[in-house]
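For reference, the structure is listed below as structure tokens.
Positions are given from 1, in the same order as the sequence printed here.
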Amino acid sequence: MSSVRRLLALPEWSGAVRVLAGAAGLDAPVRAVRPVADPGAGDPVAAGELIVVTGPPQPADWRLDALLRRVADAGGAGVLVPFGPPAGSGAPVASAPEPGSGAVAGSGMTAGSGAVMGSGVVAGSGAARATVLLAERLGLPLLGAAGGDPLNLVVTARLLLAEPEIDRARLVLAAHRAFDDRACAPEDVMRRLGDLLGVPVALLDDRGQPLAGRLAEPGAVRVDEFVPQRVALADGVLLAHPAMLPYPARPTFWLVAELRGTAAARAEIVPPALSVAAVAVQRWLLAHRLELERDARARTALLGDLLRLDGEPSAQLRRRVADAGWQLGGWHVGLRIGAVSTLDLVPRTAEISRVLRAEGVEAVVVEHGEGWTGWTSFAQEPTPARVRALAGRLRAAHRKLRGAIADHMGVGRPHPWPEGLAGTVAEATDAARLAATRPEAGYFLQVDQLGMAQLLLEWTRTDTFEPAARALLAPLRDQPGDLVRTLSAYLDAESSIAETAAVLGVHRNTVAARIDRVERLLGVDLGHRDERLALHLACRTVTLPGR
């Protein structure tokens, strides 16, 4: 069953018809729509009938009041009248209030304020106020159509009543025409969808964050439920449809439409249009994914050839490197990023590069195994200070990536020229493997940070060293503040209070207090490098997996 509100949501009605009074009755059922040339003709009115006055706008007339009473007494749905000068007269058309506002057209005041209606329906007299107040008191919708031919509104309304699916079919057909077989970017799809629906639309990522468009309540979409959704709002409804790829079977994007006010009456017919738009987005995703995977295979193959290089690269290999935009000259610092399990690597490569770039690191990043392998290059041999600064920026990037994309990260030492690339990448891979077992280091390790401890790590795994290490750290056991982990993180961070606090997620004053307690409990001076080395090795031993 259609209602006055549903008729107001029709595209032909939404831009031409306004509610002048009686907004409380907009949900009244409409069973028929009948044009009437003379409001005083006295023809009987049927229950659920919406009367459309087709005659030209007239000054205030008692016949309109009489029509309102007849329609209300018969249980009619409402009355629509033309307001403003007839179309083509050259006179300005008065504005009307928003639907449901209860305001008097052109007055800026509510119907109950005694204001004069400033349109051609009722022309500035006591009768004008009486007409508006009468419709409000009766709770009968009084609608106004500005310009145009009211008979066109009658035709579209009767089509909806005769066959409710026509409106849905017209919208779906328009959606298919808007989103033809040509692939277009998701942002373009959303722009066309907004033009088609005439309501706010937005494109959300898989975390529910807006990528295009704007919604008042984007957080209402439940992104962990991979099905079309309908969410009730205070004054409308939110419709969401996922755009998914076959693998992984989870949404890459969400298409969302926000229907408020009278537009909410079309909530039943909008989902098929959203589904058509989602198919257009999926088509673009598949084409884009094929392109990404082709590029990823080429990058991975090129990386493999470089890592297997044992001499001067051939001219063909140098050409492939140049085509990829990679740099082989200068000095390279390798990095290895372990991915979160079950993560689809290919679509995330661009995001990793973006995060690294935001931290000031321009790096080559290639999908490789269960993660990413990459490197950043320097024209000249970097100083220790530059290497430390680079490690700090990489650690900051890892914090941003950690959890959602990256699991652990390792950084190698600087090595020169093409033959040094494989060496620094191998060091980064070893550091990453060790970082995966080092939560106290923030799952991040740099080979230079490991120093002598890295060279002696195999010795610390022997049964001879382990008892000595446990005895050395025994005073820290069962002490509040997790002192062993704090000491290990502090030594991994090269005695940096601030870095240790960031890794442990505590205040730097807390770290300083804990380190002071460690020195007192162990009777050591952590400013002495030999004592630092011994404690570093001991911490590594007792925190190894399985120990």
Drop me the distance from R266's CZ to L197's CG, to the nearest 0.5 angstrom.
7.5 Å
Could you check L211 against L204 for side-chain contact (heavy atoms from CB on, under 4.5 Å), going step by step and ending with a plain yes or no?
CA-CA 5 Å; L211 296 175; L204 309 183; over 6 Å; no
Using only atom types and a distance under 3.5 Å, with no angle test, would you say the side chain of R192 pairs donor to acceptor with the backbone of A178?
yes
Between L345 and G369, what is the shortest heavy-atom contact and its length?
CD1-O, 3.4 Å
Quick one: do R230 and E268 make a salt bridge, cutoff under 4.0 Å?
yes
Polar side-chain atom of T429 near backbone of V425 as donor-acceptor pair, under 3.5 Å
yes
Atom pair CZ (R393) and OG1 (T376), whose distance is rounded to the nearest 0.5 Å:
8.0 Å
From W331 atom CH2 to R386 atom CZ, the distance as rounded to the nearest 0.5 Å:
12.5 Å
Could you walk me through whether R348 and D344 pass the salt bridge (charged side-chain N to carboxylate O under 4.0 Å, His left out) test, one step at a time?
CA-CA 7 Å; R348 301 293 187 176; D344 190 15; over 6 Å; no
Is R260 salt-bridged to E258, cutoff N-O under 4.0 Å?
yes
CD of Q446 to CG of L394, rounded to nearest 0.5 Å, is 8.5 Å
Got a donor-acceptor contact below 3.5 angstrom from the T300 side chain to the E367 backbone?
yes
Check: I405 and V340 side chains under 4.5 Å, non-hydrogen atoms:
no
Closest non-hydrogen atom pair, G412 against A428
N-CB, 3.6 Å
Heavy atoms, side chains only, cut-off 4.5 Å: are W284 and P186 in contact?
yes
Is the closest side-chain heavy-atom distance between L142 and L140 below 4.5 Å?
no
Do you know the tightest heavy-atom contact between P82 and V53?
CD-O, 3.1 Å
I need the minimum non-hydrogen distance between L302 and A324, along with the two atoms involved.
CD2-CB, 3.9 Å
Presence of salt bridge, E362 and R357, under 4.0 angstrom:
yes
Strictly distance-based, threshold 3.5 Å: is any side-chain N or O of Q327 a donor or acceptor partner for the main-chain N or O of G329?
yes
Compare all side-chain heavy atoms of L143 with those of V79 and state whether any distance is below 4.5 angstrom.
no
Measure the spacing between CG of L233 and CG of D235 and express it to the nearest 0.5 Å.
7.0 Å
Would you say R318's side chain and P313's backbone share a donor-acceptor pair under 3.5 angstrom?
yes
Electrostatic pair E291-R297, nearest N-O below 4.0 angstrom
no
Any donor-acceptor N/O pair, E225 side chain to V221 backbone, under 3.5 Å:
no
I'd like to check F179 versus V281 (side-chain heavy atoms, cut-off strictly below 4.5 Å). Are they in contact?
no
Residues R336, E427; criterion salt bridge (charged side-chain N to carboxylate O under 4.0 Å, His left out); working and verdict:
CA-CA 9 Å; R336 173 66 186 174; E427 290 177 352; over 6 Å; no
Is the closest side-chain donor-acceptor distance between H332 and S377 under 3.5 Å?
yes
Before accepting this row, confirm whether a basic side-chain N of the pair E370/R433 lies closer than 4.0 Å to the acidic partner's carboxylate O.
no
Applied to residues 150-159, the side-chain hydrogen bond (donor to acceptor under 3.5 Å, both in side chains) test, sequence neighbours excluded, yields W13-T156
CZ of R34: more than 12 outside heavy atoms within 6.0 angstrom?
yes
So do Q229 and L239 actually touch side chain to side chain, heavy atoms under 4.5 Å?
no
Side chains of V366 and V364: closer than 4.5 Å at any heavy-atom pair?
yes
Would you find a donor on one side and an acceptor on the other, under 3.5 Å apart, between the side chain of T424 and the backbone of L421?
no
Does Y443 have R438 sitting over its ring (NZ/CZ under 6.0 Å from centre, angle to axis within 45°)?
no
Between E499 and R395, does any NZ, NE, NH1 or NH2 come within less than 4.0 Å of an OD or OE carboxylate oxygen?
yes
Nearest heavy atoms of A202 and M190, plus distance in Å:
O-CE, 3.0 Å
Please determine if R320 and D305 form a salt bridge, counting it only when a charged side-chain N lies under 4.0 Å from a carboxylate O.
yes
Please tell me if the side chains of D205 and W254 come closer than 4.5 Å, counting only heavy atoms from C-beta onward.
no
List the steps, then state whether side-chain contact (heavy atoms from CB on, under 4.5 Å) holds for V201 with L255.
CA-CA 7 Å; V201 297; L255 284 71; over 6 Å; no
Minimal heavy-atom distance between P150 and V52, with the atoms involved, is CB-CG1, 3.9 Å
Would you call the rings of W326 and W375 parallel, tilted or perpendicular, taking 30° and 60° as the class edges?
perpendicular
Run I337 and D407 through side-chain contact (heavy atoms from CB on, under 4.5 Å) and show every step you take.
CA-CA 7 Å; I337 304 172; D407 182 71; over 6 Å; no
Show, in sequence, the C-alpha distance, side-chain angles and deciding distance for L356 and I352, and conclude whether the side-chain contact (heavy atoms from CB on, under 4.5 Å) test is met.
CA-CA 6 Å; L356 290 173; I352 288 180; 4.0 Å; yes
CD/E359 to CZ/R354 distance, rounded to the nearest 0.5 angstrom?
10.5 Å
